[in-house]
Amino acid sequence: MKVVCVGAHIFDVLGRPVAEIPPGQGRLALEEIRVTAAGTAGGTAVDLAKLGAEVVSIGAIGDDTAGRVLRLLLAEHGVDERLAVKPGRATPSTILPIRPNGERPSLHASGAMDALTADDIDWQLVAEADVLHIGGPDALGDFAVAVLPKLLRFAREHGVVTTMDLLRSSVQPELVEALRPCWEHTQYLLPNDDQIRAITRTEDLRLAAEKMRAHGVGTVLVTRGGAGSLVVGEALAEEIPAFRIPVVDTTGCGDGYTAGFIVGLGHGWDLLSAARLGTAASALVAQGLGSDAGIVDLALTLRFWSERQAELGGSTPPESRLASDPAGLRRN
Ligand SMILES: Nc1ncnc2c1ncn2[C@@H]1O[C@H](COP(=O)(O)OP(=O)(O)O)[C@@H](O)[C@H]1O
Ligand SMILES: [Mg+2]
């Protein structure tokens with residue numbers, strides 16, 4: 001299956017464990033430090049490639065070393081990156097001191113993230129894709145308002161499945177209005193619990209998801225960290241528990257979930273099975289440092305799920321239809 005990811009690509013520098021930043025010019029010895037390709041588009045792209053999808057990734061970076069390393073990281077994972085270099089801007093970057101319990105405070109400079117334009121998109125590639133994934137419309141500035149509605153409509157007109165995730169933890173309710181023309185073309189929205197509560201100003205997650213469906217979104221998959229996820233669609237509201245795992249770092253869990261979900265859809269699976277593959281992929285991500293940690297490939301992700309199916313109420317991976325035949329997906 002072919003997936004085009006559009007949106008946030010971030011150069012992440014992560015270290016662990018950081019119980020607290022030393023005072024003054026104090027020094028703290030860490031067990032490990034890593035750099036990764038992350039962001040709701042870039043991190044998802046890497047996970048998708050690991051799970052066997054053919055991935056093109058589009059976003060905006062700066063003309064700097066971090067940008068060149070980010071491209072290298074994507075290419076090393078087999079992602080066909082088409083990142084647009086914006087002269088005079090910096091590559092979106094984050095420093096993440098990971099706490100001993102896996103929590104991820106972030107120190108972020110968004111740089112060129114909002115500099116993406118319609119000309120940076122290869123529309124023909126989108127037309128030929130099975131899935132268009134939008135990562136972080138809340139961080140894309142004008143692009144989200146001026147281009148995204150057209151891009152999503154264009155994708156749907158070409159039979160391309162559309163998915164979307166949000167980036168910022170501090171997302172505002174105004175986003176619902178700003179992206180109003182996007183919602184009806186968004187088949188699957190995958191926010192986390194904080195994000196959907198914030199944009200809908202609604203505490204109850206099922207109600208919040210129904211509000212987004214009323215705006216035109218097809219199915220809403222709310223991720224809830226260690227509490228799992230909630231899938232709300234047509235005549236459907238189902239909770240999926242998370243696997244009980246030793247957490248190292250939850251950076252990129254949402255991206256892992258999205259990638260697993262998309263690959264499940266690509267195999268022609270039902271919604272809940274696809275969401276369970278997302279759950280398995282994200283559980284692997286949480287067990288290593290960095291958003292690209294944990295997932296090796298599809299076979300090992302399926303094995304992890306199968307071995308621990310009891311934790312998902314005994315649900316097992318369905319028989320795969322032809323993974324490389326996307327016809328079933330495009331008919332959705
Ligand atoms: N502590 C955890 N233990 C097990 N699974 C987790 C944990 N944190 C996240 N996950 C898995 O990752 C998914 C996405 O994580 P979440 O933190 O909700 O997303 P985001 O990274 O977008 O904030 C969850 O639905 C869950 O399946
Ligand atoms: Mg997320």
Side-chain angles (χ1 to χ4, degrees), residues 5 7-10 12 14 16 36 38-48 51 94 96 98-106 108 133-139 163-171 175 186 188-199 205 208-209 212 220-232 238-262 264 271-295 301 304-305 308-309 311-313 315:
C5 295
H9 286 71
I10 306 174
D12 270 10
L14 314 98
R16 66 168 283 276
T36 67
T40 39
T44 304
V46 168
D47 293 340
L48 280 164
L51 294 173
T94 306
L96 296 116
I98 304 303
R99 298 186 205 278
N101 69 358
E103 284 177 345
R104 40 168 172 172
S106 69
H108 176 69
H133 172 65
I134 307 296
D138 51 311
T163 62
M164 184 190 285
D165 186 11
L166 305 177
L167 179 70
R168 307 262 186 244
S169 50
S170 57
V171 69
L175 187 79
T186 303
Y188 302 99
L189 180 67
L190 299 105
N192 68 28
D193 44 3
D194 292 337
Q195 289 165 332
I196 196 166
R197 282 189 174 118
I199 62 171
L205 291 177
M212 292 314 298
V220 182
L221 299 102
V222 183
T223 63
R224 306 169 56 212
S229 59
L230 173 67
V231 184
V232 180
E238 182 99 10
E239 290 191 26
I240 297 179
F243 288 100
R244 289 183 294 278
I245 40 147
V247 174
V248 172
D249 164 28
T250 58
T251 306
C253 276
D255 306 332
Y257 186 101
T258 302
F261 174 70
I262 289 173
L271 208 53
L272 293 178
S273 296
R276 289 183 189 109
L277 183 59
T279 301
S282 61
L284 293 173
V285 168
Q287 292 177 77
L289 180 64
S291 69
D292 70 347
I295 301 173
T301 308
F304 173 83
W305 172 1
R308 308 182 59 151
Q309 52 183 270
E311 292 179 46
L312 298 190
S315 303

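As the structure is a computational prediction, the values presented were derived from the model and not from experiment. First listed ligand is number 1; within each ligand, the first listed atom is number 1. Here, residue 1 is the first one in the sequence, and each next residue gets the next number.
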**OP:** Not counting sequence neighbours, which residues clear side chain to side chain contact (heavy atoms under 4.5 Å, CB included) with P105? List them please.
**Re:** P97, R99

Original post:
In the protein, what heavy atom is nearest to atom 19 (O) of ligand 1, and what distance, to one decimal place, separates them?
Top reply: T223 OG1, 3.2 Å

Subject >> Single hit among D165, N192, L221, T44 for side chain to side chain contact (heavy atoms under 4.5 Å, CB included) with Y257 >> reply: L221

Original post:
Closest non-hydrogen protein atom to atom 23 (O) of ligand 1, residue and atom name please, with distance?
Top reply: N192 ND2, 2.8 Å

Subject >> Heavy-atom pair with the smallest gap, counting every atom of P191 and V220 >> reply: CD-CG1, 4.1 Å

Original post:
Rounded to the nearest 0.5 Å, what separation is found between the CG atom of D138 and the CD1 atom of I199?
Top reply: 8.5 Å

**OP:** Quick one: look up the protein heavy atom nearest atom 5 (N) of ligand 1 and list residue, atom name and how far away it is.
**Re:** A242 CB, 3.6 Å

Original post:
Of all residues at least two apart in sequence or in a different chain, which pass the side chain to side chain contact (heavy atoms under 4.5 Å, CB included) check with Q287?
Top reply: I245, P246, L284, F304

**OP:** Take every heavy atom of R276, measure it against each atom of ligand 1, and state whether any distance is under 4.0 Å.
**Re:** no

Subject >> Residue R224 vicinity, atoms of ligand 1 by number, heavy atom under 4.0 Å >> reply: 18 (O), 25 (O)

**OP:** Answer yes or no for G228: is there a heavy-atom contact with ligand 1 below 4.0 Å?
**Re:** yes

Original post:
Quick one: nearest non-hydrogen protein atom to atom 17 (O) of ligand 1, plus distance?
Top reply: R104 NH2, 3.3 Å

Original post:
Does C253 approach ligand 1 within less than 4.0 angstrom via side chain, backbone, both or neither, non-hydrogen atoms only?
Top reply: both

**OP:** If you have a sec, work out which protein heavy atom is nearest atom 2 (C) of ligand 1 and how many Å separate them, to one decimal?
**Re:** G226 CA, 3.5 Å

**OP:** Identify, by atom number and element, the atoms of ligand 1 in contact range of V247, meaning under 4.0 Å from any of its heavy atoms.
**Re:** 1 (N), 2 (C), 3 (N)

**OP:** Would you sort out whether F261 and L271 count as a side chain to side chain contact (heavy atoms under 4.5 Å, CB included), showing the intermediate values?
**Re:** CA-CA 8 Å; F261 174 70; L271 208 53; 3.9 Å; yes

**OP:** Using a strict 4.0 Å cut-off to heavy atoms of G254, name the atoms of ligand 1 that fall inside it.
**Re:** 14 (C), 15 (O), 19 (O), 20 (P), 21 (O), 22 (O)

**OP:** Search all heavy atoms of T279 against all heavy atoms of P241 and return the closest pair with its distance.
**Re:** CG2-O, 3.5 Å

Original post:
Is T223 reaching over with its side chain to a backbone N or O of G254, donor-acceptor style, under 3.5 angstrom?
Top reply: no

Subject >> S229 side chain reached by V222 side chain, heavy atoms, under 4.5 Å >> reply: no

**OP:** Could you list the atoms of ligand 1 found under 4.0 angstrom from a heavy atom of I245?
**Re:** 3 (N), 4 (C)

**OP:** Measure from atom 26 (C) of ligand 1 to every heavy atom in G225, P191, S229 and give the option owning the shortest one.
**Re:** G225

**OP:** Please name the pair of heavy atoms, one in R104 and one in G252, separated by the smallest distance, quoted to 0.1 Å.
**Re:** NH1-N, 3.9 Å

Original post:
Which atoms of ligand 1 sit under 4.0 Å from any heavy atom of S282?
Top reply: 11 (C), 12 (O), 13 (C), 26 (C), 27 (O)

Original post:
Near F243, which atoms of ligand 1 are under 4.0 Å from a heavy atom of that residue?
Top reply: 3 (N), 4 (C)

